[in-house]
Amino acid sequence: MTERFDCHYCKESLFGKKYLLREENPYCVKCYESLYSNSCEECKKPIGCDGKDLSYKDRHWHESCFHCFQCKRSLVDKPFAAKDEHLICTECYSNEYSSKCTECKKTIMPGTRKMEYKGNSWHETCFSCFRCQQPIGTKSFIPKDNQNFCVPCYEKQFAMHCVQCKKAITTGGVTYRDQPWHKECFICTGCKKPLSGQRFTSRDEFAYCLNCFCNLYAKKCAGCSSPISGLGGTKYISFEERQWHSDCFNCKKCAISLVGRGFLTERDDILCPECGKDV
């Protein structure tokens with residue numbers, strides 16, 4: 001007796017018929033397509049065994065149904081993009097959704113390199129210096145009046161030059177006596193520390209931090225021997241070519257403040273009238 005060879009599902013004989021195997025079990029074409037074939041996203045019909053099953057992210061299409069959502073041209077073996085679950089050819093996607101180049105106004109195609117700055121986009125070759133017309137690429141640039149300049153061109157055309165080092169000032173800077181300085185070049189004549197953002201004064205047109213100025217030029221207090229800066233409204237008392245901080249102008253004996261009061265002198269000392277009685 002001949003051994004039976006039937007469809008695993010409907011049990012009809014498969015002798016002389018086309019069949020398919022799944023997990024080593026034979027199925028007639030009708031049962032296999034009914035049980036296991038994927039449904040086409042476009043026409044919703046099963047994708048038969050004799051047809052090509054095209055898939056993208058767990059979705060399936062007949063070869064004839066795999067086309068651009070907008071222009072309906074076939075996407076078989078062509079690049080495409082997905083938008084809102086629809087497949088779109090790169091040309092339609094570019095026209096509809098891609099950025100437009102600020103310079104040439106043409107579409108920036110998907111997959112091509114683009115440059116972006118403050119919400120605007122450029123083709124890489126269109127993002128160029130307004131002065132020399134060379135592509136800027138990933139190099140530093142400086143915007144001015146809605147135009148972009150490479151650093152060398154900006155320095156030649158617009159930048160002020162530091163009075164100290166003679167180089168261009170591209171960011172920040174300090175103005176002193178109507179002359180521009182780099183912040184790092186505007187330093188104390190004495191200690192060479194930066195003066196930007198600090199209190200300072202000058203002598204003979206040279207800038208000094210307060211500490212250096214006081215040490216070099218300020219009068220010394222006859223009481224504590226520390227410099228009297230006289231800057232920022234500092235109060236001091238002067239008498240016979242000697243100076244005191246207000247807080248140091250005190251009686252030598254009882255230490256009472258003599259500011260605004262009468263006093264006596266005994267050699268280098270100052271005394272209140274009460275202490276001076278014994279002199």
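Count residues from 1 along the sequence. Here the structure is a predicted model, which means the values were calculated and not measured.
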Worksheet item: Within 45° of the ring axis of Tyr36 and under 6.0 Å from its six-membered ring centre, is that where the NZ or CZ of Arg22 lies?
Response: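 Relative to the ring axis of Tyr36, which defines the angle, Arg22 lies inside both limits.
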Discussion item. Do Arg131 and Phe149 form a cation-pi contact, if we require the NZ or CZ to be under 6.0 Å from the six-membered ring centre and within 45 degrees of the ring's axis?
Written reply: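 No, a cation-pi geometry is absent between Arg131 and Phe149.
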For [X] and [Y], take the angle between the two ring planes, folded into 0 to 90°, and tell me which bin it lands in: parallel under 30, tilted 30 to 60, perpendicular over 60.
{"X": "Tyr56", "Y": "Trp61", "value": "tilted"}
{"X": "Phe186", "Y": "Tyr176", "value": "tilted"}
{"X": "Phe127", "Y": "Trp122", "value": "tilted"}

Write down the atom of [X], the atom of [Y], and the distance for their closest heavy-atom approach.
{"X": "Lys18", "Y": "Val29", "answer": "O-CG2, 3.8 Å"}
{"X": "Cys89", "Y": "Arg73", "answer": "SG-NH2, 4.3 Å"}
{"X": "Asp53", "Y": "His60", "answer": "OD1-ND1, 2.9 Å"}
{"X": "Gln243", "Y": "Ile228", "answer": "CB-CD1, 3.6 Å"}

To the nearest 0.5 Å, how far apart are [atom1] in [X] and [atom2] in [Y]?
{"X": "Leu264", "Y": "Glu274", "atom1": "CG", "atom2": "CD", "answer": "11.0 Å"}
{"X": "Ile169", "Y": "Lys167", "atom1": "CD1", "atom2": "NZ", "answer": "12.5 Å"}
{"X": "Cys126", "Y": "Glu103", "atom1": "SG", "atom2": "CD", "answer": "6.0 Å"}
{"X": "Phe66", "Y": "Glu42", "atom1": "CZ", "atom2": "CD", "answer": "11.0 Å"}
{"X": "Thr102", "Y": "Ile108", "atom1": "OG1", "atom2": "CD1", "answer": "7.0 Å"}
{"X": "Thr201", "Y": "Leu210", "atom1": "OG1", "atom2": "CG", "answer": "7.0 Å"}

Item to complete: Give a yes or no on whether a salt bridge exists between Arg59 and Glu85, defined as a side-chain N under 4.0 angstrom from a carboxylate O.
Response: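 No, this pair does not count.
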Worksheet item: With a 4.0 Å cut-off, would you call Arg267 and Asp269 a salt bridge?
Response: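 Here Arg267 does not pair with Asp269 in a salt bridge, since their nearest N and O are not under 4.0 Å apart.
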Neighbour count >12 (heavy atoms, 6.0 Å) for atom [atom1], [X]:
{"X": "Lys11", "atom1": "NZ", "answer": "yes"}
{"X": "Lys220", "atom1": "NZ", "answer": "yes"}
{"X": "Gln133", "atom1": "CD", "answer": "yes"}
{"X": "Lys30", "atom1": "NZ", "answer": "no"}
{"X": "Glu184", "atom1": "CD", "answer": "yes"}
{"X": "Asp6", "atom1": "CG", "answer": "yes"}
{"X": "Phe158", "atom1": "CZ", "answer": "yes"}

Practice prompt. Assess the pair Phe141 and Tyr117: is the distance between their ring centroids shorter than 6.0 Å?
Written response: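 Phe141 vs Tyr117: aromatic centres under 6.0 Å.
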Discussion item. Is the distance between the ring centroids of Phe80 and Phe69 under 6.0 Å?
Written reply: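 No: the rings miss the under 6.0 Å criterion.
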Are side-chain N/O atoms of [X] and [Y] paired as donor and acceptor at under 3.5 Å?
{"X": "Ser121", "Y": "Lys100", "answer": "no"}
{"X": "Gln134", "Y": "Ser128", "answer": "no"}
{"X": "Tyr19", "Y": "Tyr32", "answer": "no"}
{"X": "Ser202", "Y": "Arg177", "answer": "yes"}

Worksheet entry | CA sep, side-chain torsions, deciding dist, call: Leu35, Tyr27, side-chain contact (heavy atoms from CB on, under 4.5 Å) | CA-CA 10 Å; Leu35 292 170; Tyr27 292 84; 3.9 Å; yes
Discussion item. Using a 4.5 Å cut-off between side-chain heavy atoms of Ile, Leu, Val, Met, Phe, Trp and Tyr, which other residues end up in the same hydrophobic cluster as Ile256?
Written reply: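 Traced through the cluster, Ile256 reaches Ile237, Phe239, Trp244, Phe249, Leu258, Val259, Phe263, Ile270.
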Discussion item. Run Gln198 and Lys193 through side-chain contact (heavy atoms from CB on, under 4.5 Å) and show every step you take.
Written reply: CA-CA 10 Å; Gln198 309 295 323; Lys193 291 181 180 178; over 6 Å; no
